Amino acid sequence: MASYYEALKAELIAGHPGTGVYDVDDQLAADQLNAINRTRNRTLVTGKVVKDAFDGQSAEWAAIGAPARSEVLALTARDDLNPFGVDAMMLQEAVGANAPNTLVALIAYRVEDISRAVEIGYNVISAADVYSARSAT
């Protein structure tokens, strides 16, 4: 556990890259670390996410045409799609301008909102974690 607290202590000393110095109160510092105020790119999305983006967009699904629908269904049969790579380019090419709302939803989904705690490799940080990190030598 020592490295857990050492890394957290280093973060507390360095400060939040967006908001600066962490509060001296352990609970407030934990709250700052757990606040959803950062973003990161998703590295993978599932085919279900792509299919669900068409939910409520039946007109767009019909507008892309049968050949493109087959391409989209083949692509979304996989659960390891790269939202920034070739998979995204293939999907955009297949869908084209006929499904702008779906493309907007998928583009927005490529980025997720996270906390600084998650960004630096933790899940949720408690006041006790902050206290222990600050007390670590």
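Just so you know, these numbers come straight off a predicted model, no measurement behind them. Numbers here are sequence positions counted from 1.
Rounded to the nearest 0.5 Å, atoms CZ (Arg78) and OG1 (Thr46) are 11.5 Å apart. How far CG of Asn34 is from CD of Gln27: 8.5 Å, rounded to the nearest 0.5 Å. Of the inter-residue distances, the one linking Leu33 atom CG with Asp23 atom CG reads 11.0 Å to the nearest 0.5 angstrom. Considering OG of Ser115 and CD1 of Ile120, their distance stands at 8.0 Å, rounded to 0.5 Å. Annotation: the span from Leu12 atom CG to Asp26 atom CG amounts to 8.5 Å, rounded to 0.5 Å. Distance check: Ile64 CD1 to Phe54 CZ gives 4.5 Å after rounding to the nearest 0.5 Å.
The closest side-chain donor-acceptor pair between Asp129 and Ser132, if any, does not fall under 3.5 angstrom.
In this structure, the side chain of Arg69 engages the main chain of Ala62 through a donor-acceptor pair within 3.5 Å. Remark: the backbone N or O of Tyr109 is paired with a side-chain donor or acceptor of Arg42 at under 3.5 angstrom. Proximity of a side-chain donor or acceptor of Glu60 to a complementary backbone N or O of Asn101 within less than 3.5 Å is detected.
No option in Leu81, Leu75, Val86 other than Leu75 meets the side chain to side chain contact (heavy atoms under 4.5 Å, CB included) test with Leu91. For the pairing with Trp61, the side chain to side chain contact (heavy atoms under 4.5 Å, CB included) check across Thr102, Asn98, Val72, Val95 returns one residue only, Val72.
In terms of hydrophobic clustering, with Ile, Leu, Val, Met, Phe, Trp and Tyr side chains grouped at heavy-atom distances under 4.5 Å, Ile114 and Ile125 are assigned to different clusters. Each of Met89 and Val104 belongs to its own hydrophobic cluster when Ile, Leu, Val, Met, Phe, Trp and Tyr are linked at side-chain heavy-atom distances under 4.5 angstrom. The hydrophobic clustering, which links ILVMFWY residues whose side-chain heavy atoms are closer than 4.5 Å, places Val130 and Ile36 apart. No continuous path of hydrophobic side-chain contacts links Val118 to Leu8 [ILVMFWY only; heavy atoms under 4.5 Å].
For Tyr122, the OH atom sits in a packed shell: over 12 heavy atoms of surrounding residues, nucleotides or ligands are nearer than 6.0 Å.
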Verify side chain to side chain contact (heavy atoms under 4.5 Å, CB included) between Glu71 and Glu93, making sure each step is shown before the conclusion.
CA-CA 10 Å; Glu71 288 178 42; Glu93 187 175 309; 5.9 Å; no
Quick one: do Glu119 and Arg116 satisfy salt bridge (Lys or Arg N to Asp or Glu O under 4.0 Å)? Show the steps, please.
CA-CA 5 Å; Glu119 185 176 49; Arg116 179 64 178 159; 2.6 Å; yes
If you apply the rule side chain to side chain contact (heavy atoms under 4.5 Å, CB included), what do you find for Val49 with Asp52, and how did you get there?
CA-CA 5 Å; Val49 166; Asp52 287 351; 5.7 Å; no
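The ring-ring contact (aromatic ring centres under 6.0 Å, His included) test applied to Tyr22 returns no partner, not counting sequence neighbours.
Closest of all the heavy-atom pairs between Ala68 and Ala94 is CB-O, 3.2 Å. Contact record, Ala127 with Ala30: N-CB, 3.8 Å, taken as the closest heavy-atom pair. In this structure, Arg110 and Ala88 approach most closely via the heavy-atom pair NH1-CB, 4.5 Å.
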